[in-house]
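Just so it is clear, the values below take in all heavy atoms, side chains as well, and ignore hydrogens, waters and symmetry mates. Convention: sequence-line order gives letters A, B, ...; per-chain numbering from 1.
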There are 2 protein chains.
Amino acid sequence: MTLTYTEEDYIKGIYHLQQTYNTVSTNQLASLLEATPASITDMLKKLKAKKLLNYEKYKGFHLTAEGKKLSVNIVRRHRLWEYFLVEKLQFGWDEVHEVAEELEHITSKKLVEKLDAFLGHPRFDPHGDPIPDNNGKITPHIQLNLIDLPLNTPAEICSVGSQSSSLLELLNHKHINIGTRVEVKRRFGFDRSLEIKLKNQPAITLSQQLAQALFVKTI
Amino acid sequence: MTLTYTEEDYIKGIYHLQQTYNTVSTNQLASLLEATPASITDMLKKLKAKKLLNYEKYKGFHLTAEGKKLSVNIVRRHRLWEYFLVEKLQFGWDEVHEVAEELEHITSKKLVEKLDAFLGHPRFDPHGDPIPDNNGKITPHIQLNLIDLPLNTPAEICSVGSQSSSLLELLNHKHINIGTRVEVKRRFGFDRSLEIKLKNQPAITLSQQLAQALFVKTI
DNA sequence: AATAAATTTTAGACAAATCTAAAATAAATT
DNA sequence: AATTTATTTTAGATTTGTCTAAAATTTATT
Ligand SMILES: [Mn+2]
Ligand SMILES: [Mn+2]
Ligand SMILES: [Mn+2]
Ligand SMILES: [Mn+2]
């Protein structure tokens, strides 16, 4: 099964959406891929014809087992390249997404396996998202939203809820990274903001919006 | 100036051909790119419209300064990736071409510069071909065809005349690589074959065809 | 110089991916 | 239940890259 770059972006988009919404709608995918609903419908027919998608007119859609398997492999490539860019080429973690969006489409099995080995079989990408292994297996991620972390409980940032550059810019400014140790010191009901402490640093404030975009595991 | 992957492959093909034939013909390019002459003509018009190509109907064509500059950059990316694949990912030098053919189309300036630095600014790719620098400057390659190397003159293989896998397979078999030291011991007029010696090894025979595909510099 | 052969271009068609505008269907509201 | 609104699909057009078959042009040969 060879797919065009565009078909790959579509099934990857559907894969991400159906993690949250079991069945995906035309408008949701149109919004994610920044295309018109008409374009989405056209592609849904093609993906259905290739047996990658379960789709009935007006009824929403989700990937077949085959479609999901291919999508997971695209996600694997995307996240391996992101790891490469940050760990080997010294990119900032907020600079890698667009380039990985292109690199992910190079499907050479040999390339992916050798890259994985060269990187030391990393299990998480620079945003804390798990990298599927060569069989499509994904290390489950037991993660707690920072907004739900109990007071004075040491924890470590393990992923972010979005890759928007505005979020990543803010995190860079506050010196928060994947792996950063945090403790929540106070909660303010008025605006649901948090006061947190990073190791050996004065307490800082996080807005509700920011805290909700951060996931942690206790340590 | 943003180019499609296909436009990039076309100007790169023209660039390589015009190194040998100052002006390139439709059929030459069709044969190189494995497309029909009609497809070539279509693309020539587009490239002319983008001012990358000097082209008059039936008169052959060659790149403008701008077209050449863009082509050299594609060649730079192609060869940097080949170097990466061999030196970092342990590919064989006969396995890298196809993958580099895809990687070369990722144009991110930051990616290319960081990759170049990561690799230590290599000056030659795994086939001995020079890697253009960031300004498009190419280290000139004073190379002698092995068939013209005088007898008993120590020399080093510095590049190969083709990347065909049949050639590279044969070189692997004979343990000949970029950097291998050779001396020509005898020439046979009948079939123009050569007897050569690699360091600390018994003499072996190279056919005329093989010797003509190898370039050396004396040491 | 006339003819034949090779090369190159054009004409017309098709697949992929996209769009806009209109039509069909489903969901929400009165 | 009828109507309005939102969603989704279809119809038809456009761009990019490709092809085959036919026409135009150049080059080679008699
Ligand atoms: Mn992509
Ligand atoms: Mn990521
Ligand atoms: Mn290419
Ligand atoms: Mn090369």
Side-chain angles (χ1 to χ4, degrees), chain A residues 1-14 17-18 20-63 67 70-71 74 101-102 104-107, chain B residues 1-14 17-18 20-63 67 70-71 74 101-102 104-107:
Chain A
M1 174 77 33
T2 36
L3 300 181
T4 64
Y5 286 18
T6 310
E7 287 169 333
E8 288 193 337
D9 281 335
Y10 271 77
I11 63 171
K12 195 184 59 158
I14 296 167
L17 286 171
Q18 74 179 28
T20 311
Y21 315 96
N22 288 341
T23 180
V24 183
S25 77
T26 302
N27 271 357
Q28 284 175 324
L29 188 56
S31 149
L32 182 72
L33 299 181
E34 294 177 292
T36 61
S39 303
I40 303 298
T41 303
D42 287 343
M43 182 61 88
L44 295 178
K45 289 178 196 165
K46 289 175 201 162
L47 295 175
K48 183 183 183 181
K50 291 194 173 190
K51 296 186 194 293
L52 303 178
L53 194 66
N54 295 119
Y55 165 58
E56 294 302 329
K57 265 199 209 181
Y58 293 106
K59 296 286 166 63
F61 47 88
H62 56 92
L63 296 171
L70 293 172
S71 302
I74 302 164
E101 200 56 52
E102 302 200 45
E104 70 188 356
H105 300 293
I106 298 176
T107 52
Chain B
M1 175 76 32
T2 37
L3 300 180
T4 65
Y5 286 17
T6 310
E7 288 170 332
E8 288 194 337
D9 281 335
Y10 271 77
I11 63 171
K12 194 184 60 158
I14 296 167
L17 287 171
Q18 75 180 28
T20 311
Y21 314 97
N22 287 341
T23 181
V24 183
S25 78
T26 302
N27 270 358
Q28 284 175 325
L29 188 56
S31 148
L32 182 72
L33 298 182
E34 294 177 292
T36 60
S39 302
I40 303 300
T41 302
D42 286 344
M43 182 61 87
L44 295 179
K45 289 177 194 165
K46 289 175 200 161
L47 295 175
K48 184 184 181 180
K50 291 194 173 191
K51 297 186 194 293
L52 302 178
L53 194 67
N54 294 119
Y55 165 58
E56 295 302 329
K57 265 198 209 180
Y58 294 107
K59 296 286 167 62
F61 45 90
H62 56 92
L63 297 170
L70 292 171
S71 302
I74 302 164
E101 202 55 52
E102 301 200 46
E104 70 187 356
H105 300 294
I106 298 176
T107 52

Mind checking [X] for me? I need base, sugar-phosphate or nothing, with any heavy atom below 4.0 Å counting as a touch.
{"X": "Thr26(B)", "value": "sugar-phosphate"}
{"X": "Phe61(B)", "value": "nothing"}
{"X": "Tyr10(B)", "value": "sugar-phosphate"}
{"X": "Thr6(A)", "value": "sugar-phosphate"}

Query raised in the report: Can you name the side chain to side chain donor-acceptor pair (under 3.5 Å) partners of His105(A), sequence neighbours left out?
Result: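 His105(A) satisfies side chain to side chain donor-acceptor pair (under 3.5 Å) with Glu8(A), Asp9(A) only.
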Which protein N or O atoms sit under 3.5 Å from an N or O of nucleotides 10-14 of chain C?
unit_1: dT10(C); atom_1: OP1; unit_2: Lys57(B); atom_2: NZ; d: 2.8
unit_1: dT10(C); atom_1: OP2; unit_2: Lys45(B); atom_2: NZ; d: 2.9

Quick one: [X] [atom1] to [N] [atom2], roughly how many Å, whole number?
{"X": "Leu3(B)", "N": "dG17(D)", "atom1": "CG", "atom2": "P", "answer": "10 Å"}
{"X": "Leu29(B)", "N": "dT9(C)", "atom1": "CG", "atom2": "C1'", "answer": "15 Å"}
{"X": "Leu44(B)", "N": "dT9(C)", "atom1": "CG", "atom2": "P", "answer": "6 Å"}
{"X": "Leu33(B)", "N": "dG17(D)", "atom1": "CG", "atom2": "C1'", "answer": "13 Å"}
{"X": "Met43(A)", "N": "dA16(C)", "atom1": "CE", "atom2": "C1'", "answer": "8 Å"}
{"X": "Ile40(B)", "N": "dT18(D)", "atom1": "CD1", "atom2": "P", "answer": "8 Å"}

Using only side-chain N and O atoms of [X], determine if any of them is under 4.0 Å from OP1 or OP2 of [N].
{"X": "Ser39(A)", "N": "dA17(C)", "value": "no"}
{"X": "Ser25(B)", "N": "dT7(C)", "value": "no"}
{"X": "Thr4(B)", "N": "dG17(D)", "value": "yes"}
{"X": "Asn27(B)", "N": "dA6(C)", "value": "no"}

**Report entry** Residue Tyr58(A), side-chain atoms from C-beta onward, closest of dT8(D), dG17(D), dT20(C)
**Finding:**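 Looking only at side-chain atoms, Tyr58(A) lies closest to dT8(D).
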Query raised in the report: Between Ala35(A) and Gly60(B), which is nearer to the 5' end of DNA chain C once each is assigned its nearest nucleotide?
Result: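 Here Gly60(B) is the residue nearer the 5' end.
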Query raised in the report: Say you draw a straight line from CG of Leu44(B) to OH of Tyr10(B); how long is it, rounded to the nearest 0.5 Å?
Result: 8.0 Å
Query raised in the report: For the atom pair CD1 (Ile74(B)) and CD (Glu104(B)), what is the distance rounded to the nearest 0.5 Å?
Result: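 It comes to 6.5 Å.
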Report task. List for me each residue that meets side-chain contact (heavy atoms from CB on, under 4.5 Å) alongside Glu102(B), sequence neighbours excluded, and say none if there are none. Result -> Tyr5(A), Ile106(A)
Query raised in the report: side-chain contact (heavy atoms from CB on, under 4.5 Å) with Lys50(B): which residues, sequence neighbours excluded?
Result: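 If we apply the side-chain contact (heavy atoms from CB on, under 4.5 Å) test to Lys50(B), skipping adjacent residues, the hits are Met1(B), Leu3(B), Glu7(B), Leu52(B).
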Query - Heavy-atom pair of closest approach, residues Leu63(A) and Ile14(A) - result: CG-CG2, 3.8 Å
Set of residues satisfying salt bridge (charged side-chain N to carboxylate O under 4.0 Å, His left out) with respect to [X], sequence neighbours excluded:
{"X": "Lys48(A)", "answer": "Glu56(A)"}
{"X": "Lys57(B)", "answer": "none"}
{"X": "Lys45(B)", "answer": "none"}

Requested in this report: Using a cut-off of strictly less than 4.0 Å between a heavy atom of the residue and any atom of DNA chain D, enumerate the qualifying residues of residues 46-54 of chain A by number.
Outcome: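 Output list: empty, so none.
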For residues 20-37 of chain B, please give each side-chain donor-acceptor pair under 3.5 Å, one per line with the distance, not counting sequence neighbours.
unit_1: Thr23(B); atom_1: OG1; unit_2: Phe61(B); atom_2: N; d: 3.4
unit_1: Ser25(B); atom_1: OG; unit_2: Gln28(B); atom_2: N; d: 3.2
unit_1: Gln28(B); atom_1: OE1; unit_2: Ser25(B); atom_2: N; d: 2.9
unit_1: Thr36(B); atom_1: OG1; unit_2: Ser39(B); atom_2: N; d: 3.3
unit_1: Thr36(B); atom_1: OG1; unit_2: Ser39(B); atom_2: OG; d: 3.0

Requested in this report: Give the intermediate values and the outcome of side chain to side chain contact (heavy atoms under 4.5 Å, CB included) for residues Leu47(B) and Tyr55(B).
Outcome: CA-CA 9 Å; Leu47(B) 295 175; Tyr55(B) 165 58; over 6 Å; no
**Report entry** Base-paired stems in DNA chain D, each at least three Watson-Crick or G-U pairs under 3.5 Å
**Finding:**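 So far as stems of 3 or more pairs are concerned, DNA chain D shows C:1-30 with D:1-30.
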